[in-house]
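In what follows, every chain begins at residue 1, and chains take the letters A, B, ... in the order their sequences are listed.
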Number of protein chains: 2
Amino acid sequence: MTFRKVLDIIKVYYHGSIDREAITIQDLTARRVPGSRASAREFVYSTLRQSILHLDLKPGTKMSEQEISEQFKVSRTPVREVFVHLNQDGLVEIYPQRGTYVSLINLRALEEGRWVREIVEKAVIEEAAGRLTEEDLHKLESNLAAQEVCYRNKNYLEMLGLDDEFHGTIFRACGKERTYEMVKQLNIDLYRLRVLRLSHDFRWDQILNQHRQILQALREGKGEEAKRIMGEHLRMVIVEKDQLLADYPEYFVDL
Amino acid sequence: MTFRKVLDIIKVYYHGSIDREAITIQDLTARRVPGSRASAREFVYSTLRQSILHLDLKPGTKMSEQEISEQFKVSRTPVREVFVHLNQDGLVEIYPQRGTYVSLINLRALEEGRWVREIVEKAVIEEAAGRLTEEDLHKLESNLAAQEVCYRNKNYLEMLGLDDEFHGTIFRACGKERTYEMVKQLNIDLYRLRVLRLSHDFRWDQILNQHRQILQALREGKGEEAKRIMGEHLRMVIVEKDQLLADYPEYFVDL
DNA sequence: TCAAGTATACTACCATGGTAGTATAAAAAG
DNA sequence: CTTTTTATACTACCATGGTAGTATACTTGA
């Protein structure tokens, strides 16, 4: 259980040029982007969150206050606050006086998340059809262009992020940003699963194609068709419980 | 939106019309059992959460670490952790080095919450129809009986809780507990609004009646009818923006 | 009278030490 | 060898002191 990957991410965040030993709070705050007040808490939170979502921290990994605070060169107080936050996200489990662990991927939650996502995305896309502004459509087009580049370069992790952004843009265009955040929250385990199977379990060409069709239907104001394609699109994520439990038994829980 | 802008809004209304002496949590803390296993953090969290939801702490009220920790007789550390938690719930806004305030009720979020709730509840009730076990139906019946008692006693706050429980039971029966939590989270401001208008703005008799009809339709497996009634039921909560802003200008924000 | 600068009293943020509870392994008893 | 007891090394939890940043009242200067 090493945190080397986490440290790599820290370096990337801070322009990749900071000596690991030299990272202090002062450095972090000194390099903050004007307008964004990066507190230690926020920094540790966003870093750890991403590490968990990208499976740099595997499900089940132990994360002690002590160890994390040493790695991040901050005290245990902000780390504890981050744990509370991540616990609410469902990304870590806190066992008092025993330890804090990265949550296992919950297969039941996976199914439920997909169910609600299909319900909500279908409703949203129906609202979106014909209502999107030119700017919205342009944003979606740019996103698709980026997706194509990622597809050609087989940069699937970034493609996953763009996928999320594609759907998020549609929600935002309808004034449903909070809804999108909630759906994303419910599908947080699905996200980890998709990262886990990035290279071998996805038909990225089909996904890309469906995105194109959705955009086309939206542009033409064909709500029903967009809804239909979206349904197919979301049902593509097949969760083979038995296979997953066989391949990665230590990552999953089913309750 | 800048912090400053929000602060100005709060400042004006806070000094203008909110009685500082009304912010007392002493009564609630009396319920803490000394031998209880609940951690200080959990106790403070659940107490404050309920206080905010029940409007014992009005929107816009200042809540300093110092003050809260003294009232709860705990240190500032767990209080800070609670603030992080409440902040994620959307119940408080933290302005670093400035203060922490009970969130204003967001009228946009209100509309969005109602929208997604109607979408999801309709889908759930369709799944529920004909699938509920005898135990589920019995639970719903007991709930309705309790609602009738509350109605006769004009105990509307408890009735509101039973209302939530009624809907929650249906979700749980379908294995959609997490979805329910999400919907509740998105409707957290609606809850506060309902508490605010408890006595004068609701037709509790109609609500009770609709609950009865929903249960009946569920028992008979009439999914379509249950769905229709649920739609009416949820659309009953009318949000008159202008009226609200006129009556309680200091409680709301619209962005 | 009024604007600009200063002093003071706050705030949330972070570091650190101590504590009760828990798991593990060694030692003792059967 | 097995079970029980004890010792030790952890854990998250909480209390407390100090700090940088912010707002406000006060003083100063025109």
Side-chain angles (χ1 to χ4, degrees), chain A residues 1 23-32 34-46 48 60-88 92-103, chain B residues 2-12 14-16 20 23 29 32 34-48 60-88 92-103:
Chain A
M1 151 189 56
I23 296 175
T24 66
I25 301 298
Q26 282 71 30
D27 292 331
L28 300 181
T29 52
R31 289 178 184 242
R32 75 175 188 234
S36 85
R37 293 158 191 280
S39 63
R41 184 173 74 212
E42 211 159 320
F43 172 64
V44 173
Y45 170 72
S46 60
L48 281 184
T61 305
K62 183 169 187 175
M63 313 168 56
S64 78
E65 283 178 15
Q66 187 80 36
E67 194 171 352
I68 299 285
S69 66
E70 283 169 8
Q71 296 286 348
F72 278 86
K73 302 273 190 285
V74 299
S75 78
R76 301 187 319 271
T77 303
V79 173
R80 272 174 52 71
E81 291 163 4
V82 165
F83 281 8
V84 170
H85 201 158
L86 290 172
N87 179 52
Q88 198 176 3
V92 306
E93 301 291 330
I94 302 175
Y95 303 102
Q97 265 73 38
R98 271 180 279 179
T100 299
Y101 299 82
V102 177
S103 296
Chain B
T2 64
F3 293 150
R4 196 168 299 272
K5 202 159 197 172
V6 174
L7 268 183
D8 286 344
I9 295 170
I10 292 171
K11 190 171 56 183
V12 169
Y14 177 75
H15 292 302
R20 194 188 177 87
I23 313 164
T29 61
R32 187 182 188 188
S36 156
R37 308 226 165 201
S39 65
R41 184 172 76 213
E42 205 158 326
F43 172 67
V44 173
Y45 171 71
S46 59
T47 306
L48 281 184
T61 305
K62 183 170 187 176
M63 312 168 56
S64 78
E65 284 179 18
Q66 188 80 36
E67 192 175 350
I68 300 287
S69 67
E70 284 169 7
Q71 291 194 356
F72 278 86
K73 304 267 192 290
V74 298
S75 79
R76 300 184 325 268
T77 303
V79 173
R80 273 174 52 70
E81 290 162 4
V82 165
F83 280 8
V84 170
H85 201 158
L86 290 172
N87 178 54
Q88 197 176 2
V92 306
E93 302 292 329
I94 301 174
Y95 304 106
Q97 266 69 38
R98 271 175 265 188
T100 299
Y101 300 83
V102 177
S103 296

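Counting any heavy atom pair closer than 4.0 Å across all strands shown, B:T77 reaches a base atom. B:R80 comes within 4.0 angstrom of a base, heavy atoms only.
Whole-Å rounding puts the B:F72 CZ to D:dC14 C1' distance at 16 Å. If you measure from atom CG of B:N87 to atom C1' of C:dC13, you get 14 Å, rounded to the nearest angstrom. In this structure, the OH atom of B:Y95 is 17 Å from the C1' atom of C:dC13, given to the nearest Å. Rounded to whole angstrom, the span from the NZ atom of A:K62 across to the C1' atom of D:dT11 amounts to 6 Å. Atom OH in B:Y101 sits roughly 9 Å away from atom P in C:dT11 (whole-Å rounding). Atom CD1 in A:I94 sits roughly 16 Å away from atom P in C:dT22 (whole-Å rounding). Following rounding to the nearest Å, A:E93 (CD) and D:dT11 (C1') show an atom-to-atom distance of 16 Å. As rounded to whole Å, 23 Å separates atom P of D:dC13 from atom NZ of B:K73.
Atom-to-atom distance recorded for A:Q71:CD and A:M63:CE is 11.0 Å, nearest 0.5 angstrom. One distance of note links CG of A:L86 with CD of B:Q88; it measures 8.5 Å at 0.5 Å rounding. With rounding to the nearest 0.5 angstrom, the CD atom of A:E65 is 6.5 Å from the CZ atom of A:R76.
If you check D:dT11, C:dA12, C:dC14 against the side chain of A:R41, the one that comes closest is C:dC14. When the nucleotides D:dC14, D:dA12, C:dC14 are ranked by their closest atom to the side chain of A:S39, C:dC14 comes out on top.
Between B:T100 and C:dA12 there is a side-chain N or O to OP1 or OP2 distance below 4.0 Å. For the OP1/OP2 pair of D:dT16 and a distance below 4.0 Å, the side-chain nitrogens and oxygens of B:S75 include no atom meeting the criterion. A sub-4.0 Å separation between OP1 or OP2 of D:dT11 and a side-chain N or O of A:R98 is absent.
Partners of A:T100 under the side-chain hydrogen bond (donor to acceptor under 3.5 Å, both in side chains) rule, at least two apart in sequence or in another chain, do not exist in this structure. Taking the side-chain hydrogen bond (donor to acceptor under 3.5 Å, both in side chains) definition, one finds that B:E42 meets it with nothing, sequence neighbours left out. The side-chain contact (heavy atoms from CB on, under 4.5 Å) check on B:V84 picks up A:R41, A:E81, A:H85, with sequence neighbours excluded. With sequence neighbours excluded, the residues satisfying side-chain hydrogen bond (donor to acceptor under 3.5 Å, both in side chains) with A:E93 are A:S103. Taking the side-chain contact (heavy atoms from CB on, under 4.5 Å) definition, one finds that B:S75 meets it with B:T77, B:P78, sequence neighbours left out.
Ranked by how close their nearest DNA chain C nucleotide is to the 5' end, A:P78 and A:P96 are led by A:P78.
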Are any protein N/O atoms closer than 3.5 Å to N/O atoms in nucleotides 18-20 of chain D? If there are, list each pair with its distance.
from: D:dG18; atom 1: O6; to: B:R76; atom 2: NH2; distance (Å): 3.2

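Under the 4.5 Å side-chain criterion, counting only non-hydrogen atoms from C-beta, A:V74 is not in contact with A:F43.
Among B:L48, B:N87, B:T61, B:V82, the single residue meeting the side chain to side chain contact (heavy atoms under 4.5 Å, CB included) criterion with B:V92 is B:N87.
For the helix from C:dT1-D:dA30 to C:dG30-D:dC1, the end axes, each set by the C1' atoms of five terminal pairs, are bent relative to each other by 10° (nearest 10°).
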